[in-house]
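Shown next, in structure tokens, is the structure this report addresses.
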Amino acid sequence: MEMKEMTYKDAIKLAMSEEMRKDENIIFIGEDIGLYGGAFGVSVGMFEEFGEERVRDTPISEAVIAGAAAGAAATGLRPICEMMFGDFITIAMDNLVNQAAKMRYMFGGKAKVPMTMRLPFGSGTGAAAQHTQSLEAWLCHVPGLKVVSASTPAEAKGLLKAAIRDDNPVCFIEHKLLYKMKGEVPVDDEYIVPLGVSDVKREGTDVTIVSYGTMLYRVLEAAEAVAKEGISVEVIDPRTLYPMDTATIIESVKKTGRAIVVHEACKTGGLGGEIAAAISESEAFDFLDAPVLRLGGLDTPIPYNRNLEAAAIPTVDKIKDAIYKVMNR
Amino acid sequence: MKISNQSIIEMYEKMLKIRKFETKAMNLFAEGKIPGFVHLYIGEEAVATGACASLRDDDYITSTHRGHGHIIAKGGDLKYMMAELFGKETGYCKGKGGSMHIADATKGILGANGIVGAGHTIAVGAGLAAQYKGTDQVCVCFFGDASTNQSTFHEGLNLASIWKLPVVFVCENNGYGISVSQARHQAITDISVRAVAYNMPGITVDGNDVFAVYEAVNEAVSRARKGQGPTLVECKTYRWRGHFEGDPTVYRPVEELEQWKKKDPIPRMEKYIIENKVMTEADVTKLNEKMEKMVDDAVDFAVKSNNPSMASAVEDVYTDIIEEARVR
């Protein structure tokens, strides 16, 4: 497969651009995505390539961005929306949750709502409580939505293309700290990472850790560190948070007998609980040698001060401690 | 404005159809035969009828919790509507939506809606799709007075205006947002003045005069088809029933209702039809009977239809996932 090195951000742009070249019904709407190129520069150049009809700057009106996307999707277009910060989805929640997500069901199956909602989530930017959240669990809780989280540049391209081609509303989570990450990305414009398939990011035999987004890299770092001490960690990235491929996770736990879930989102009500429960309800329960642990963010808003912000989410040391705990060391 | 006799008869028929459907729904609800919430359109028939008279099958509408009238006016089938009220598998939503969610994609009906103010943004999306694809379709967005205090009204009108979208915003000002009178929920009398803020034409008409509604919306629709952008049409009307069936309506004086009943849009139109010899009194009687029969047939259809299968509860959430079948 021919590869090219590029940033996560450019991989997202590439996915959108390739799909827009193939399908005239795709339009891209959001705040400052046009001439300005997006708050994080994701769409730089797209306005020039596709023009103002297809790359549409909106007013600062999140509710109508999501609602118009739902209406346009139900009437034949395939809109991609960008929320400048994922936190702003809160303003568009009715349009996404009560409208887009439920339209097909309420139309007796006679409508489809092929829209993609891109959501930059996550902390680490010193942006404080309203520009740093990780709200994926809210979205996974809504029947009718699919929720995707990309952790590498290649997956950002492949998963986003799958999301855009999906006939359902898909929330596509991007972690802001990953935008500048570089990686090898397949050049093929038909390269797709299918939704609903977990990926084993590191093979191991002693502990299964499920993680995604930037936390995945802390988990991999912790796994590398404990490997030197003879602990073999298997790391699984679900990639699609709903519908999640839990089968891969369950198979892994049957092998390792220990499981930890690590995410940046607040621990209470986070996906960690859902994944832990899925493991406990499965045949993997009989293989467990330790309780399933959850590592999540503190149940606080993300604080502004850098030291406080850093302490609000799981660290490599905390992940290592969790590994020692399930290993009884 | 010259309206053909044929159009006048069609409008009259639609108003009757709505009135008789709603009266039947009212009785069925009182008898405990239909569950959930029912918000009736009785008294407001001229708005939906006059507004939809300029629309084609491929045009769109968005509706509200008080949606039966809009759906009938846009060509919805009484049988599937009634079956939906009964929660049957033959209903528009396969028995999974009920009164507040009736939709018919084949007739451009983008759904009644349980959320006040939700239609504004969906209508903008439908208008965007029509404009982008270069069709001359339009979307009529129906909404009540109270929804004009929601952010979505302002966001929707603003975006429709700056993008010159083919959307006609039709406000049914029935004087109340549930129990709160217009005077208590906004500091304006004519909602059409809000069009000024979005630099689009705004007009207020007598919502109980089907011709006035038709004329205003027709002009707005033709502007929209020509790419001249959105219009806000306010139709002043009144709902005879409470916000929902079972609402004791303690918040409004009986005399107010009585005054509005005198302005009932249906006898008013009958008077016109007979005086202008569009129809004879005998024809009018016959049409009334025909509509009653149609409603009775719809009830019959609904009653005889099956309940949805238990398995259907998990269908149609996604195009490609059936939840129960998924390995979790």
Side-chain angles (χ1 to χ4, degrees), chain A residues 24-25 27 29 53-54 56 58-77 79 91-92 94-95 98-115 143-146 166-169 195-196 242-247 250 278 281-282, chain B residues 60 62 80 84 91-98 100-106 108-115 117-133 137 139 150-152 154-156 158-160 162-163 165 314-321 323 326-328:
Chain A
E24 286 245 312
N25 286 325
I27 59 166
I29 61 176
E53 287 296 303
R54 299 189 71 192
R56 288 178 173 254
T58 66
I60 300 176
S61 302
E62 287 82 8
V64 78
I65 293 172
T75 54
L77 300 187
I91 307 163
D94 174 65
N95 314 82
N98 282 323
Q99 310 304 327
K102 294 178 173 58
M103 212 177 255
R104 181 177 177 78
Y105 195 71
M106 298 193 305
F107 278 40
K110 290 186 281 280
K112 57 180 188 180
V113 188
M115 60 181 273
L145 299 180
K146 293 186 182 181
D166 201 280
D167 277 339
N168 302 282
L195 303 189
Y242 193 94
M244 193 185 289
D245 164 21
T246 47
I250 288 163
E281 287 173 348
S282 76
Chain B
Y60 298 107
T62 60
Y80 307 136
E84 191 56 40
Y92 266 121
C93 323
K94 299 182 183 171
K96 295 190 281 186
M100 273 190 286
H101 302 296
I102 297 175
D104 182 354
T106 67
I109 300 167
L110 299 174
N113 211 305
I115 306 295
H120 304 112
T121 64
I122 294 168
V124 164
L128 173 60
Q131 184 195 60
Y132 179 77
K133 288 190 262 181
Q137 291 162 290
C139 183
Q150 290 276 36
S151 68
T152 47
H154 300 277
E155 292 190 27
N158 184 52
L159 196 62
I162 58 173
W163 288 355
L165 298 178
V314 295
E315 292 168 1
D316 297 328
V317 182
Y318 297 90
T319 58
D320 56 354
I321 310 172
E323 180 53 30
R326 196 163 76 77
V327 179
R328 309 195 65 202

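In what follows, chains are A, B, ... by sequence order, proteins preceding strands, each numbered from 1. These numbers come from a predicted model, not from an experiment.
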Taking all non-hydrogen atoms of both residues into account, name the closest pair between [X] and [Y] and its distance.
X	Y	answer
A/G144	B/Y318	N-OH, 3.1 Å
A/A63	B/T152	CB-CG2, 4.2 Å
A/F107	B/G111	CZ-N, 3.9 Å
A/V64	B/E155	N-OE1, 2.8 Å
B/K133	A/T75	NZ-O, 2.7 Å

Would the distance check show the side chain of [X] and the main-chain N or O of [Y] forming a donor-acceptor pair, the cut-off being under 3.5 Å?
X	Y	answer
B/Y132	A/R54	no
B/K94	A/G108	yes
A/N95	B/T121	no

Rounded to the nearest 0.5 Å, what separation is found between the [atom1] atom of [X] and the [atom2] atom of [Y]?
X	Y	atom1	atom2	result
B/I321	A/L195	CD1	CG	8.5 Å
B/C93	A/R104	SG	CZ	13.0 Å
A/Y105	B/H101	OH	NE2	11.0 Å
A/R56	B/L128	CZ	CG	5.0 Å
B/L159	A/I29	CG	CD1	7.5 Å
A/M103	B/I122	CE	CD1	4.0 Å

task: Sort out for me which of B/S151, B/A126, B/G97 touches chain A most, counting heavy-atom pairs under 4.5 Å.
output: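 Answer, by heavy-atom pair count under 4.5 Å with chain A: B/A126.
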Proximity breakdown for [X] and chain A, heavy-atom pairs closer than 4.5 Å:
X	result
B/N113	side chain
B/Q131	side chain
B/I162	side chain

- request: Give a yes or no on whether a salt bridge exists between A/K102 and B/D316, defined as a side-chain N under 4.0 angstrom from a carboxylate O.
  value: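 No, A/K102 and B/D316 are not salt-bridged.
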query: Can you find a heavy atom in the side chain of A/D167 that is under 4.5 Å from one in the side chain of B/D320?
result: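 A/D167 does not reach B/D320 side chain to side chain.
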